[in-house]
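Below is one structure, written out as structure tokens; comments come after it.
Note that the structure is predicted; figures quoted are calculated from it, not measured. Numbers here are sequence positions counted from 1. One-based numbering, in listed order, for ligands and for the atoms of each.
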Amino acid sequence: MDQQSDTAPLSSAQGTSAKAVRMSPDTLAVHAAREDLRQLGVGVPPINNCAFNPLPDVDIGGASYDALAAGVRLGNGQSPVYRRLWAPNAARLEQAVAVLDQNEDAVAFSTGMAAVNTLLKVVADTGNRHIVGVRPLYGGTDHTLARGTHGVEVTWATPTTVRSALRPDTGLILVETPANPSLDLVDLQELVRQANGVPLAVDNTFATAVLQSPARHGATMVITSATKFIGGHGDALGGVISTNMEWAAKLRAERAIAGNILSPAEAYTLHRGLQTMPIRVRAQQERAQRIADWLAAQPNVAQVHYPGLPGGDPHALVGEGRQMSGPGSVLAFAMRDGYHAAIRVAHSVHLITHAVSLGGVQSLIQHPAALTHRPVEAPAKPDGGLLRLSVGLEDAEDLIKDLEHALTE
Ligand SMILES: *Cc1c(COP(=O)(O)O)cnc(C)c1O
């Protein structure tokens, strides 16, 4: 394989979508960042494991190093130099996610948390170290903000108190919608109005680019834990932030120093997973709706949190398609008898796996207060009776039977 053509940048981050008419996400997911494969004479992207690349000469090497260290995408005639600076498989995933997210560029990290923490470092380096965190957030994100990683200082807000939480040194607003684990929905356009020009980062892991495009509603950055729906099979970790060229360059420059770039094998696996994400997301969503309907009718279930149920979408963000095109496939439900009843359900399922993570083909159930949201401080900690269920691709009736016996155990 000709090394240069494999590592050369694809035309632009908008490659596939640069056509006159924007193609459907289904089509983009299959083809994005694969436009050069025919020319390379291969059917799928080669996994490029090179740790280093032979330098044509010292001048090209030095100029390439400078550009990559500054966060610029690899240019024609440049050398990738070293894989911590530029990794072809990670670059493909970035390009594909940028296209699907409708953003200019994207940067891929070893995990979702690596993405979040690198963003915090970049924000802290701007001098505006104050961050407004809209709770609830994923437990890891909540924890890293609360402990002040990289010297950031957090003010917790609700979707309606963001404006009053802003300070002259606020560098970022961070929100999740739907939120983990409560499935709360936040009106992004309303949040952008309150933000008053402060950059807004939206964790879009639960919705994915299939159901929601935060960039279209004015978000500056879209954070995705690729470990979840993009990979979709529970066998790869990764995180991606899609954004404009300016923020992407800062993130890439920081990543080059922090050393948390996505590995070739994980990038390959996640890029492959992305191809089936649209149909997986919709099929899982269909099953989740049926399970949510069923759970809502169970006497020992106090409440089901799911945007597809009455009351689950108070601002009509899904119902009228204003922000999301569907409710997704993650739901949470509270057991009437609290903690012990919830734990019993998690221990009694057979088909559903008692495990953290979400978004994959196999259904997973977990207890947020004990696991994913364990480090969250008291007022924001999820209720002890709450369970989070990520609905996979198993038959809905089989899943309901499994829950039925676990709920009555
Ligand atoms: C899992 C998750 C993360 C963290 O991603 P990792 O890949 O596990 O580091 C961040 N945000 C949300 C909403 C998540 O579900």
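Taking every heavy atom of G238 and a limit of under 4.0 angstrom, the matching atoms of ligand 1 come to 7 (O). For ligand 1, the atoms lying closer than 4.0 Å to a non-hydrogen atom of D203 are 10 (C), 11 (N), 12 (C), 13 (C).
Judged purely by distance below 3.5 Å, without hydrogens or angles, the side chains of N260 and T118 pair a donor atom with an acceptor atom.
Cation-pi check for K228 over Y138 is met; the charged atom lies under 6.0 angstrom from the ring centroid and within 45 degrees of its normal.
Looking only at heavy atoms of the protein, atom 5 (O) of ligand 1 is closest to S225 OG, 2.9 Å. The nearest heavy-atom contact from the protein to atom 6 (P) of ligand 1 is G112 N, 3.4 Å. Shortest contact from atom 9 (O) of ligand 1 to any protein heavy atom: M113 N, 2.8 Å. Summary of contacts: the protein heavy atom closest to atom 2 (C) of ligand 1 is K228 NZ, 2.5 Å. Residue, atom and distance of the protein heavy atom nearest to atom 7 (O) of ligand 1 are T227 OG1, 2.7 Å.
The existence of a salt bridge linking D105 and R252 is confirmed by a sub-4.0 Å separation between a basic side-chain nitrogen and an acidic carboxylate oxygen. Ion pairing of D36 with R92 is present here, as a side-chain N (NZ or NE/NH1/NH2) and a carboxylate O approach within less than 4.0 Å.
Between Y138 and ligand 1, no N or O atom pair is found at a separation short of 3.5 Å. Of the polar atoms of L358, none of the N or O atoms is found under 3.5 Å from an N or O of ligand 1, judged by distance alone.
Side-chain contact check for P264 versus N48: every heavy-atom pair is 4.5 Å or farther apart. In this structure, L317 and M324 have side chains that are not in contact, with every pair of non-hydrogen atoms separated by 4.5 Å or more. Between L137 and D203 there is no side-chain heavy-atom pair separated by less than 4.5 Å.
The closest approach between any non-hydrogen atom of L237 and ligand 1 is not below 4.0 Å.
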